[in-house]
Protein chains: 2
Amino acid sequence: MTQDNLTKRQREILNFISEHIDREGFPPTRNELCEYFGFRSPNAAESHLKALDRKGVIQLGRGRSRGITLTAMARASLPAAGGRTPLPLVGRVAAGSPVLAEENIENEYRFDPALFSPRPHYLLRVQGLSMRDAGILDGDLLAVHRTPEARNGQIVVARIDDEVTVKRFQRDGQRVSLLPENPDFEPIVVDLAQQELAIEGLGVGVIRSHLTG
Amino acid sequence: MTQDNLTKRQREILNFISEHIDREGFPPTRNELCEYFGFRSPNAAESHLKALDRKGVIQLGRGRSRGITLTAMARASLPAAGGRTPLPLVGRVAAGSPVLAEENIENEYRFDPALFSPRPHYLLRVQGLSMRDAGILDGDLLAVHRTPEARNGQIVVARIDDEVTVKRFQRDGQRVSLLPENPDFEPIVVDLAQQELAIEGLGVGVIRSHLTG
DNA sequence: TCGATGGCTGTAAATATATACAGAACATCG
DNA sequence: CGATGTTCTGTATATATTTACAGCCATCGA
């Protein structure tokens, strides 16, 4: 609501400034704004900047080239700059509680959403070695994208009888197999007609912070 | 070691540029450098910038005011500026080139420095399966902390004969073994008296963005 | 219907900035 | 020892950049 009094055009200008900073490492000049937006007069850019300054989303340094600073107000509304929402780290999931329940959250970490696709919603600390041969070890953080749907072969976070587990998904009609990636473990087979199975999400990435040694 | 050929003065200049960007949001002008360092001639600043450009830690945009861009090489050696500095992703390392040379940088990702310890300086894309049993697979990103020193058992990024490789480090007097974690691969044994071995850094974490499935 | 604001063109300067040229003193290294 | 690199002073200039002034047209709330 703070800067929703920005017009559509002013928002375009603001976005361009932010992107320019991301791309080049410094803000644009009036002329560079003109070039991008097709203005024939540098004053078109100047008056836009003045307006954005008046509305508090940027600050203009007088007499300084490229003296444009984005304020906190601007950053909060920009997709690229402010969009690094922290991901909660889910540790041991208490039986019966939702994965993302307050009591299960150990910590929060920010990182680039572009690293994983689709976008992860939380990190789950993996317990045990049942997925060892897929390179997922005890203590690893699994980046999880929340969705109730899974295709065969995908690595899923599943819940059976209030137990949360990470396995490879394999469906065959009414029969779902949760396959470990370690010969020391047995597949879990569920008949959907008899037993409940909830897919909590898909594994979209792995983060390991403690290398042995 | 790549940019350790920076002189003390040049490092001071580089630090000031980085701090200026953090503080003001854009790089300094020649005059601002002069003011800070007490130069009486703008050419003092100019020639320092030229030197930093030549050494690859900054890039100068010709004819652009404040046209100074920090390269990945610079960022890796600068103190972590509040986790805002992105980590460069190093892909295939061209033979003979420094790991952090511009040509080897594929991308840049920001994320929480608290995730790994010690602090990683860059991400290296792992090739091959020689560390499979340590849960490091082909295509994984290894978070690397730059240091020339390693202790036995640590996972290192090493360079032999212009080849960069990830292995487990084992030293025995003048003999260093680089141990794979996969029985299909043979250890690399180096006699330090006969062959050069450079430790580029320590593996401090793993990120995998593509799960099979 | 007036006044304020948004969104521009066009012109003109003041001044901020980059950058070349000509040194000088001092180190380092083959 | 000469070549090369570092770190500066000092001067000059082309140009990049900001920024004021004078307008034009449209929209919108009072």
Side-chain angles (χ1 to χ4, degrees), chain A residues 1-17 20-21 23-70 74 77, chain B residues 1-17 20-21 23-71 73-74 77:
Chain A
M1 61 193 92
T2 42
Q3 73 289 20
D4 281 353
N5 43 15
L6 289 195
T7 66
K8 189 179 169 190
R9 196 56 161 165
Q10 287 168 349
R11 185 158 295 281
E12 283 174 24
I13 306 274
L14 183 60
N15 280 337
F16 174 73
I17 294 170
H20 192 283
I21 292 173
R23 191 175 55 246
E24 308 271 1
F26 40 82
T29 63
R30 273 68 166 169
N31 277 335
E32 283 162 352
L33 278 161
C34 289
E35 218 170 287
Y36 182 81
F37 288 100
F39 301 151
R40 298 188 174 193
S41 165
N43 191 44
E46 178 71 18
S47 51
H48 268 122
L49 292 178
K50 288 247 178 74
L52 290 175
D53 186 312
R54 218 178 316 119
K55 295 189 176 181
V57 289
I58 68 172
Q59 272 182 267
L60 289 177
R62 291 196 329 196
R64 314 187 74 185
S65 70
R66 304 180 187 275
I68 304 172
T69 316
L70 297 184
S77 76
Chain B
M1 63 204 77
T2 41
Q3 75 287 26
D4 282 353
N5 45 13
L6 288 195
T7 67
K8 191 179 167 189
R9 196 57 161 165
Q10 287 168 346
R11 185 157 295 281
E12 283 173 24
I13 307 273
L14 183 60
N15 280 337
F16 173 73
I17 294 170
H20 191 284
I21 292 173
R23 194 175 51 247
E24 309 270 1
F26 40 83
T29 64
R30 273 68 166 167
N31 278 335
E32 284 162 351
L33 279 161
C34 288
E35 217 169 288
Y36 181 82
F37 287 100
F39 300 151
R40 297 192 175 191
S41 164
N43 191 43
E46 178 71 18
S47 52
H48 268 121
L49 293 178
K50 287 248 179 72
L52 291 175
D53 186 311
R54 216 179 317 119
K55 294 189 174 180
V57 289
I58 68 172
Q59 274 181 265
L60 289 177
R62 290 199 328 200
R64 312 187 76 185
S65 70
R66 304 181 188 276
I68 304 173
T69 316
L70 297 185
T71 65
M73 201 186 266
S77 75

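Throughout, a chain's letter reflects where its sequence line sits, starting with A, and its residues are numbered from 1.
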>> What is the distance, to the nearest angstrom, from the CZ atom on B:R66 to the C1' atom on C:dT19?
In response: 16 Å
>> Given C:dT17, C:dT11, C:dT9, identify the nucleotide with an atom nearest to the side chain of A:P42.
In response: C:dT11
>> I'd like to know if A:E32 and B:R64 make a salt bridge, using a cut-off of under 4.0 Å between side-chain N and carboxylate O.
In response: yes
>> Taking 4.0 Å as the cut-off, does a side-chain nitrogen or oxygen of A:R9 come that near to OP1 or OP2 on C:dC8?
In response: yes
> Counting only side-chain N and O atoms of A:K55, is one of them less than 4.0 Å from OP1 or OP2 of C:dG6?
Replying inline: yes
> If you check every side-chain atom of A:T29, which of D:dT18, C:dA18, D:dT19 has the closest atom?
Replying inline: D:dT18
> Between B:R54 and D:dT6, is there a side-chain N or O to OP1/OP2 distance below 4.0 Å?
Replying inline: yes
>> Taking only side-chain N and O atoms of A:S41, does any of them lie within less than 4.0 angstrom of OP1 or OP2 on C:dG10?
In response: no
>> Given C:dT17, D:dT9, D:dT17, identify the nucleotide with an atom nearest to the side chain of B:R64.
In response: D:dT17
> Which of these nucleotides, D:dT7, D:dT18, C:dG7, is closest to any side-chain atom of A:S65?
Replying inline: D:dT18
>> Any base atoms under 4.0 Å from B:R40, or only sugar-phosphate, or nothing? Heavy atoms, all strands.
In response: sugar-phosphate
> Taking only side-chain nitrogens and oxygens of A:S47, does any of them come within less than 4.0 Å of OP1 or OP2 of C:dG6?
Replying inline: no
>> Measuring from the side chain of B:N31 (C-beta onward, heavy atoms only), which nucleotide among D:dT18, D:dT6, C:dT17 has the closest atom?
In response: C:dT17
> Can you tell which of C:dT17, D:dA20, C:dT19 lies closest to the side chain of A:K50?
Replying inline: D:dA20
> Does A:Q10 have a side-chain nitrogen or oxygen under 4.0 Å from the phosphate oxygens OP1 or OP2 of C:dG7?
Replying inline: yes
>> Is there, by distance only and without an angle test, a donor paired with an acceptor across the side chain of A:N43 and the base of C:dT9 below 3.5 Å?
In response: yes
>> Does D:dT19 have OP1 or OP2 under 4.0 Å away from a side-chain N or O of A:R30?
In response: yes
